Amino acid sequence: MAGVGIWFLGFVAVIYVYYRVQKHLARSRRLPPGTMGWPIIGETMKFYTQHPNLFFSSKQKRYGEIVKTRILGYPAVMMATPEAAKLVLVTQAHLFKPSYPVSKEKLIGRSAVFFQHGAHHQRIRHLLQACFTPDVIRESVGEIESLALRTMNSWEGRSICTFAELKKFSFEVGFMLSCGNDDHVDKDELLQTYRTMEMGYNSMAINIPGFKFNKSMTARKRLHTIIAGMVERRRDSGVMKSDVLGTLMKDPALTLDQIADNVIGVVFAAQDTTASVMTWLVKYLSGSPSILADVKAEHDEIRASKSSDDEGLTYADCKNMPLTHRVILETLRNATVLSFTFREATEDVEYNGYLICKGWKVLPLFRNIHHNPDIFPDPYKFDPSRFEKAPKPNTFLPFGNGVHSCLGSELAKLEMFIFVHHLVTKFRWDLLEPKAGIDYRPFPVPKEGMPMRVSQRRTKAE
Ligand code: HEM
């Protein structure tokens, strides 16, 4: 009798294993095509060392526009169609939560808006959104212009690292809009502390003395202390402001940590992205003399409408630079400084007959969409005229799309309008290494931050 029981149990076990294997195979057959690379590290090295276009386009040729891989230890699906980007970022965004490397989450702070999902995300986003509406940022034109001029005047007769200088400028703008002007804050120390903190963004999250990440976390604690000091001073004085800090302080449900994480996060988001796009702007204009001449003419006309050389730009001026606007859009497309974003599927999702498994990372590839010749013909050519017509929906995603789309896009463009205006009307510049390659840090920037020599124009015609 016992023998029959063992046979029966064995039979059930075989059926069970067979059933599980079949289920696994059926699931595997529904996964997108592609290779997963080496165990654990997968294809991380290739992904981060190759030109991002190359990595995907070689896969695209072989497997199509939805491809599976393994990156940073996680199975992942990369998607390079406008429809897929729309699904992940807009229509089914609730099924894909943001997902970032641990080091970044710890350094910026877990409560920052980028890392939130669902109702809590909407609440924080709604608060921050109010700080960057056109009505709010139009009030900052004068201050942004002063910061731009102070930065650019300091370049006179010097060879500068363009990216580093523009990063300082966009940091100052981001901080000014986030925290206003607090005389108790030592701006140089603040900038230095930020630089130390961000050195750890792409390092291993090992918080032990001696490791880079630990140094960055110490700097992060210092930033928290600086922000806590600002909060305390504002509470003591009873003055309520409507910048990012003031807006977050008005919500009684937010803790000091939540406020600090979001201030640190906004300043983080405002810097490298904008500085990297402005660096590319200068690069593309330098390589396109006829476009540069037309842009200069557009800005000379604005200058000519002013009663004196010192009269500043207005918001209306910045909204009336159509060619410069197209140049900015084309720079955003061609440079695509954020090549992709990361999400994680919160449940199994079917797309075009493929299965995206719960827990897998999902990467909409902005860069590949922006360089798809069927969408943007001759995609590597710098051609602002392609923006004389609005791009089709979901094909132009420099600021992302949907629930997590960029909150600072209008501010970033405003900075660029003001920067280009003063650059072309007041300065001459020469790139010192015009043929240099590209550094991926991970934002693509011309090598060595694009050194250039700058001098003031002596006459308008020069
Ligand atoms: C040219 C410059 C910029 C570019 C290319 C850029 C690009 C982006 C992109 C692609 C996203 C979406 C990321 C995702 O979906 O995962 C994003 C989000 C965000 N950006 Fe920007 N950005 C720029 C400038 C700025 C500036 C100046 C600010 C702040 C003042 C800012 C604040 C934010 C914030 C707070 C988010 C997160 C929104 C959320 O999660 O709801 N960005 N940005």
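As a basis for the values below, the full set of heavy atoms in this structure was taken, side chains included, without hydrogen atoms, waters or symmetry mates. Only a predicted model underlies this, so the values are computations on that prediction, with no experimental measurement involved. Numbering of ligands and ligand atoms starts at 1, following listing order.
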Item to check | Test item: side-chain donor near acceptor, Arg367 and Ser339, under 3.5 Å | outcome: yes
Checklist entry - Hey, which atoms in ligand 1 end up nearer than 4.0 Å to a heavy atom of Tyr100? => result 16 (O)
Next on the checklist: For atom 24 (C) of ligand 1, what's the nearest protein heavy-atom neighbour? Residue, atom name and distance, please.
Outcome noted: Thr273 OG1, 3.6 Å
Item to check | Close-contact set for ligand 1 against Val403 heavy atoms, below 4.0 Å | outcome: 41 (O)
Item to check | Identity and separation of the nearest protein heavy atom to atom 32 (C) of ligand 1 | outcome: Ala269 CB, 3.5 Å
Next on the checklist: Which of the numbered atoms in ligand 1 are under 4.0 angstrom from any heavy atom belonging to Ser405?
Outcome noted: 38 (C)
Checklist entry - Can we say Asp439 and Lys447 salt-bridge, meaning some charged N sits less than 4.0 Å from an Asp/Glu carboxylate O? => result yes
Next on the checklist: So, 4.0 Å and heavy atoms of Gly174: is ligand 1 close enough to count as a contact?
Outcome noted: no
Checklist entry - Of all the non-hydrogen atoms in the protein, which one sits nearest to atom 28 (C) of ligand 1, and at what distance? => result Gly408 CA, 3.5 Å
Checklist entry - Closest non-hydrogen protein atom to atom 12 (C) of ligand 1, residue and atom name please, with distance? => result His404 O, 3.4 Å
Checklist entry - For atom 36 (C) of ligand 1, what's the nearest protein heavy atom and its distance? => result Phe114 CE2, 3.7 Å
Next on the checklist: Nearest 0.5 Å, please: how far is CG in Leu245 from CE in Met240?
Outcome noted: 9.5 Å
Checklist entry - How many angstroms lie between atom NE2 of His121 and atom CD of Gln116, to the nearest 0.5 angstrom? => result 8.0 Å
Checklist entry - Which atoms of ligand 1 have any heavy atom of Met416 under 4.0 Å away? => result 1 (C)
Checklist outcome for this item: Nearest heavy atom to atom 38 (C) of ligand 1, choosing from His121, Arg125, Glu410, belongs to Arg125
Checklist outcome for this item: When distances are taken from atom 21 (Fe) of ligand 1, the protein heavy atom at minimum range is Cys406 SG, 2.3 Å
Checklist entry - Against heavy atoms of Pro398, which atoms of ligand 1 measure under 4.0 Å? => result 5 (C), 7 (C), 10 (C)
Checklist entry - At a 4.0 Å threshold, what atoms of ligand 1 neighbour a non-hydrogen atom of Gly400? => result 10 (C)
Checklist entry - Can Glu145 and His421 be counted as having a side-chain donor-acceptor contact under 3.5 angstrom? => result no
Checklist entry - Would you call Lys86 and Glu83 a salt bridge, using N to O less than 4.0 angstrom? => result no
Item to check | Thr331 versus Val277, closest heavy-atom pair with distance | outcome: CG2-O, 3.6 Å
Checklist entry - Is Lys381 atom NZ crowded by more than 12 heavy atoms from other residues, nucleotides or ligands, each under 6.0 Å away? => result no
Next on the checklist: Quick check: Thr274 and ligand 1, any N/O pair under 3.5 Å apart?
Outcome noted: no
Item to check | For atom 6 (C) of ligand 1, the protein heavy atom that lies nearest, with its residue and separation | outcome: Phe399 CD2, 3.6 Å
Next on the checklist: Checking a contact table here: which protein heavy atom is nearest atom 9 (C) of ligand 1, and how many Å away?
Outcome noted: Leu338 CD1, 3.6 Å
Checklist entry - With a cut-off of 4.0 Å, which atoms of ligand 1 are near a heavy atom of Phe132? => result 30 (C)
Checklist entry - Is Asp261 paired with Arg220 through a side-chain N to carboxylate O contact shorter than 4.0 Å? => result yes
Next on the checklist: Would Arg386 and Phe376 count as a cation-pi pair here, with the cationic atom under 6.0 angstrom from the ring centre and within 45° of the axis?
Outcome noted: no
Next on the checklist: Nearest non-hydrogen contact with atom 35 (C) of ligand 1 belongs to which option: Val277, Leu407, Leu411?
Outcome noted: Leu407
Checklist entry - Under 3.5 Å, is there a donor-acceptor pair between the Ser405 and Arg125 side chains? => result yes
Checklist entry - Is any side-chain N of the basic residue among Arg326 and Asp294 closer than 4.0 Å to the acidic one's carboxylate O? => result no
Checklist entry - If you measure only the distance, is there a donor-acceptor pair under 3.5 Å linking the side chains of Thr346 and Lys97? => result no
Checklist entry - Numbering the atoms of ligand 1 from 1, which are under 4.0 Å from a heavy atom of Thr341? => result 14 (C), 15 (O), 16 (O)
Next on the checklist: Quick check: Arg343 and ligand 1, any N/O pair under 3.5 Å apart?
Outcome noted: yes
